[in-house]
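A short worksheet on the structure shown next.
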Amino acid sequence: MYVIRLAVPADEAAVVDLVTRLQGDPEQLIGYHGTTAAEVADELAGLRPDWSSGAVVAVDDHGGVRGVLSVDADPEVGRAWLLGPFVDLPEGHPAERQAWHNTADDLVDAALALPRLTGVVDLELYGHRKHRRLADLAARHGFDPMGASRVFTLTGQALRSVLVCAVPDGGEPRLLGGDQTTVDGVAALHERCFPNRTVTGRQLVHGDRGHTVVVQTGVDGVLGYAAGFAQEDELYIDYVAVDPEVRGVGTGRALVGALLRALAAEHGARPRAAAVIALGNDASERMFTALGFDLHLELVSYRRK
């Protein structure tokens, strides 16, 4: 029905429009993308070394972009994330489900042949729990379900309260500087707390993936850290880790607040803050809920090693 080809830079505007439109439907939502055109454009711009050389598109008889699958790969981690597939079919198509799966299969096959994935065998898909077609596609291509995660968001007065919160008595966690002992401590804590990480400890502390890192230290070294980045419409908390010896005393909440304030100071305020928490991580859910975060949506990941 559609022709699959490599993406080119000129496709980007059409792809942003397509992805934004389909992201508005929970049954087609992909967890790696936001829901506004500005967010999607910002996410594509962040793919390294560029978006188009790591993407394939499906085009109709008139050359219009009707499907896309982008790839974000990290050779150092040895892992890649498939951002999609997105497939847009004409309204009232007589065999919509089969046509979607045929096009999605073709996009996946073409994406797996991209040079960006050479030597990378750890692949992940990620979508809304209502995206049943993605679940079926994952099963066909040998991806195993890896569990659900929940997106929590903070907006309005609750966010403003965190951004203007007074510095706690124990002192505000600070931005990670150049002290090598502290840098090494953060990297080690990251590797210990996140064995299934998407960013290595070295990448985190050196900012290779664009993270801002705040750290809390004590007499025995690093007590915890939080890391995240600013996106077009939100401040995103990517990692929070606290040494097991000091959990349950408010260190995590202090780190999250300090990170949001650091991101807002560096990049400007955003209307929303967000964090993704693995289903079953009750301690993290309690921490973010105590800060005023609310459950926004649930996502499911699928992984093939």
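The analysis underlying the following values was restricted to heavy atoms, covering all of them including side chains, and did not include hydrogens, waters or symmetry mates. Keep in mind it's a predicted model, so treat the numbers as computed, not measured.
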- prompt: Does a side-chain N-to-carboxylate-O contact under 4.0 Å join Arg133 and Glu27?
  reply: no

message: Would the distance check show the side chain of Arg116 and the main-chain N or O of Ala111 forming a donor-acceptor pair, the cut-off being under 3.5 Å?
response: no

query: Would you call Phe152 and Thr289 a side-chain contact if the rule is heavy atoms closer than 4.5 Å?
result: yes

- request: Flag yes if more than 12 heavy atoms outside Gln157 fall under 6.0 Å of its CD atom; otherwise flag no.
  value: yes

field: Parallel, tilted or perpendicular: rings of Tyr32 and Tyr126 (30°, 60°)
entry: tilted

query: Is it true that Asp122 and Arg303 make a salt bridge, defined as a side-chain N closer than 4.0 Å to a carboxylate O?
result: yes

query: For Asp42, which residues count as a salt bridge (Lys or Arg N to Asp or Glu O under 4.0 Å) partner, sequence neighbours excluded?
result: none

message: Taking the basic N atoms (NZ, or NE/NH1/NH2) and the acidic carboxylate oxygens, is any pair closer than 4.0 Å for Asp243 and Arg192?
response: yes

- request: Output yes when a side-chain donor or acceptor of Glu234 lies under 3.5 Å from a complementary backbone atom of Gln231, and no otherwise.
  value: no

- prompt: Is a donor on one side and an acceptor on the other found under 3.5 Å between the side chain of Arg209 and the backbone of Gly207?
  reply: no

query: Just wondering, are more than 12 heavy atoms of other shown residues or ligands nearer than 6.0 Å to CZ in Arg132?
result: no

- prompt: Would Leu137 and Val19 show up in the same hydrophobic cluster when neighbours are defined by side-chain heavy atoms closer than 4.5 Å?
  reply: yes

message: For a 4.5 angstrom cut-off between non-hydrogen side-chain atoms, does Asp208 reach Thr200?
response: no

message: Any non-hydrogen side-chain atom of Asp74 less than 4.5 Å from a side-chain atom of Arg79?
response: no

query: With hydrophobic residues grouped by side-chain heavy-atom distances under 4.5 Å, do Val162 and Tyr236 end up in a single group?
result: no

statement: CD (Glu172) and CZ (Arg261) are apart, to the nearest 0.5 Å, by 4.0 Å

message: Could you check whether any side-chain heavy atom of Val15 comes within less than 4.5 Å of a side-chain heavy atom of Leu18, counting everything from C-beta outward?
response: no

message: Parallel, tilted or perpendicular: which one describes the rings of Tyr239 and His211, with boundaries at 30° and 60°?
response: tilted

query: Is Val276 reachable from Leu255 through a run of hydrophobic residues whose side-chain heavy atoms are each under 4.5 Å from the next?
result: no

- prompt: With a 4.5 Å limit on heavy-atom distance, are the side chains of Leu29 and Thr35 in contact?
  reply: yes

field: Glu266 vs Thr212, side-chain hydrogen bond (donor to acceptor under 3.5 Å, both in side chains): CA-CA, chis, key distance, verdict
entry: CA-CA 9 Å; Glu266 182 179 357; Thr212 294; 3.2 Å; yes

- prompt: Can we say Arg66 and Asp88 salt-bridge, meaning some charged N sits less than 4.0 Å from an Asp/Glu carboxylate O?
  reply: yes

- request: Kindly indicate whether the side chain of Met287, heavy atoms from C-beta on, has any atom under 4.5 Å from the side chain of Phe293.
  value: no

query: Does any non-hydrogen side-chain atom of Trp100 lie less than 4.5 Å from one of Asp136?
result: no

query: Side chain of Thr118, backbone of Pro115: donor and acceptor closer than 3.5 Å?
result: yes

- prompt: Of all residues at least two apart in sequence or in a different chain, which pass the salt bridge (Lys or Arg N to Asp or Glu O under 4.0 Å) check with Arg140?
  reply: Asp105

task: May I ask you to decide whether Asp179 forms a salt bridge with Arg174, counting only side-chain N to carboxylate O separations under 4.0 Å?
output: no

query: When you look at Thr198 and Val77, which way does the side chain to side chain contact (heavy atoms under 4.5 Å, CB included) test go after all the steps?
result: CA-CA 7 Å; Thr198 58; Val77 179; 5.9 Å; no

field: side chain to side chain contact (heavy atoms under 4.5 Å, CB included) between Phe288 and Ile277, worked out
entry: CA-CA 9 Å; Phe288 280 100; Ile277 304 171; 3.4 Å; yes

task: Without swapping roles, check the side chain of His141 against the backbone of Phe143 for a donor-acceptor pair under 3.5 Å.
output: no

- prompt: Is there a side chain to side chain contact (heavy atoms under 4.5 Å, CB included) between Asp11 and Trp51 once you walk through the steps?
  reply: CA-CA 10 Å; Asp11 294 324; Trp51 165 74; 4.0 Å; yes

- prompt: Would you find more than 12 non-hydrogen atoms of other residues, nucleotides or ligands less than 6.0 Å from Asp61 atom CG?
  reply: no

message: Do Val246 and Phe194 land in one hydrophobic cluster if side-chain heavy atoms of ILVMFWY residues count as linked below 4.5 Å?
response: no

- prompt: Within the distance-only criterion (no hydrogens, no angle test), does the side chain of Gln28 pair as donor or acceptor with the backbone N or O of Phe86 below 3.5 angstrom?
  reply: no

field: Any Leu279 side-chain heavy atom under 4.5 Å of Arg150 side chain
entry: yes

